[in-house]
Protein chains: 2
Amino acid sequence: MEHQHSSPENDAQHWLACLQSNGYRLTEPRRVVVETIASSQQALIPFDVFEKARSSYPSLGLVTVYRTIEKLEELGLIQRVHQPTGCQAFVTAFSGHQHLLICQHCGRVEFFSGDVEVIDGLVKTVGDTSGYKIQGHWLQLFGVCTGCQKVGPGSEN
Amino acid sequence: MEHQHSSPENDAQHWLACLQSNGYRLTEPRRVVVETIASSQQALIPFDVFEKARSSYPSLGLVTVYRTIEKLEELGLIQRVHQPTGCQAFVTAFSGHQHLLICQHCGRVEFFSGDVEVIDGLVKTVGDTSGYKIQGHWLQLFGVCTGCQKVGPGSEN
DNA sequence: TTTTATGCAAAGTATTTGCACGGGA
DNA sequence: TCCCGTGCAAATACTTTGCATAAAA
């Protein structure tokens, strides 16, 4: 079991470099959107990103947030988080470590690789039993993070 | 590993009884919506339900489909299916056997209980390591069912 | 200079709500 | 009879598109 962390500054720099090397231009609006998502430990919906990013760049439009998210998702740098309360939020994507642990109070997301053999074994068994050709899987855990266990909902940022 | 099946007729009767015992009236529109969802092996979005159910009851309104789905979900009889392509579809909910295997071509959904000890062990480890109070989990596998492996996409109903 | 990106406004989707009428109990 | 359920139309929420201007390369 490993938990994954990465430095937000590095993420932001890496994402910007990725955008550029894929033929997209580096603009101030993109920079603030990228930095906002990369520096957040919680899953953010487009409107959250819009509001946070506007404090650095007030003339930002919500449409630009949608368009930047679209590109980051395309490039596999962020991923959509599905929750009982909605499926509009995004967080950093780690390749090969796609299992999420999500705090239901503050939206904080942790990553865990899990025991790869255990999960692979399970997947294989289900594939064999069902006859399905298995293409992928989602494993997500929901709970309350240590911070929210102490202070209650909505208090973490 | 067990796969779960249930008889659609029984589901429909059970769901209608459940609605009634929760103070909801038994109406023809509800009956056709319930029968449509209960008899489908694929996840259906509200508009699919609307179209199918209208063949039995042409004056059905889409709004009634939404309202009936809402009640069935409230009562835990159906559950929303989250997929890369969207999160509007619903299928029967089995209590305690919530793991899904979804065909990406035809939308067919199978249920498997998985190896409970394996999953519980994993969940416990993640809880201990992270400090989160774990409240629930989602495990979904995506693949192609045996029928669609033979005939290609969109052919199964 | 050339082409892409931006923000606004408008258009699309998906879903929910208000309301008068009709049907279940 | 009484009240809930229905379908329609309108409202709402979320997201995408068209377009003229602005900025990157």
Side-chain angles (χ1 to χ4, degrees), chain A residues 15-37 43-75 78-90 107, chain B residues 15-37 43-75 78-90 107:
Chain A
W15 296 1
L16 289 167
C18 243
L19 284 169
Q20 193 167 40
S21 67
N22 278 271
Y24 297 116
R25 292 180 180 177
L26 259 50
T27 67
E28 199 50 26
R30 276 182 187 158
R31 225 180 292 272
V32 298
V33 168
V34 159
E35 272 158 18
T36 300
I37 302 177
L44 301 178
I45 65 172
F47 193 78
D48 293 338
V49 175
F50 176 61
E51 284 192 313
K52 283 175 187 274
R54 267 205 301 187
S55 62
S56 314
Y57 189 81
S59 65
L60 179 67
L62 178 56
V63 177
T64 297
V65 174
Y66 276 99
R67 290 193 276 225
T68 304
I69 285 177
E70 180 182 60
K71 285 167 183 58
L72 294 174
E73 194 183 15
E74 241 171 57
L75 296 175
I78 61 174
Q79 63 186 304
R80 189 179 290 268
V81 177
H82 295 261
Q83 294 186 257
T85 54
C87 307
Q88 295 88 39
F90 291 84
Chain B
W15 296 1
L16 290 168
C18 245
L19 284 168
Q20 194 168 37
S21 67
N22 279 273
Y24 297 117
R25 293 181 178 174
L26 259 50
T27 67
E28 201 50 27
R30 276 181 188 160
R31 225 180 290 273
V32 298
V33 168
V34 159
E35 272 158 17
T36 300
I37 302 176
L44 301 178
I45 64 172
F47 193 78
D48 292 337
V49 175
F50 175 62
E51 285 193 312
K52 284 175 187 274
R54 267 206 301 188
S55 60
S56 315
Y57 190 81
S59 65
L60 180 67
L62 179 56
V63 177
T64 296
V65 174
Y66 276 100
R67 289 194 276 226
T68 305
I69 284 176
E70 181 183 59
K71 285 168 184 56
L72 294 173
E73 194 183 15
E74 242 171 54
L75 297 174
I78 62 174
Q79 62 187 303
R80 190 179 290 268
V81 177
H82 295 260
Q83 294 185 258
T85 54
C87 307
Q88 296 87 41
F90 291 85

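Note on naming: letters A, B, ... go to the chains in the order of the sequence lines (proteins, then strands), and numbering restarts at 1 for each one. Side-chain atoms are counted along with the backbone in the values below, which use heavy atoms only and exclude waters and symmetry mates.
Distance, B:Ile69 CD1 to D:dT6 P: 13 Å, rounded to whole Å. As rounded to whole Å, 15 Å separates atom P of D:dG5 from atom CG of B:Leu60. Atom P of nucleotide C:dA5 and atom OH of A:Tyr57 are separated by 14 Å, given to the nearest angstrom. Counting to the nearest Å, the P atom of C:dT4 and the CZ atom of A:Arg31 are 19 Å from each other.
Applying the side chain to side chain contact (heavy atoms under 4.5 Å, CB included) criterion to B:Glu70, with sequence neighbours excluded, gives B:Glu74.
Between A:Glu35 and A:Ser56, the closest side-chain pair of non-hydrogen atoms is not below 4.5 Å. Between B:Leu19 and B:Val34 the shortest side-chain heavy-atom distance falls below 4.5 Å. Contact of the B:Trp15 side chain with the B:Leu75 side chain is not registered, since no non-hydrogen atoms from C-beta on lie closer than 4.5 Å. Side-chain contact between B:Val63 and B:Arg67 is present, with heavy atoms from C-beta onward closer than 4.5 Å.
Within the 4.0 angstrom heavy-atom criterion, no nucleotide atom of any strand lies near B:Ile45.
For the side-chain contact (heavy atoms from CB on, under 4.5 Å) criterion with A:Val49, the lone passing option out of A:Leu60, A:Thr64, A:Leu44, A:Val32 is A:Leu44.
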Let me have a per-nucleotide readout for nucleotides 15-25 of chain C, 5' to 3', with B, S or -, counting only protein heavy atoms under 4.0 Å.
-> SBBB----BBS
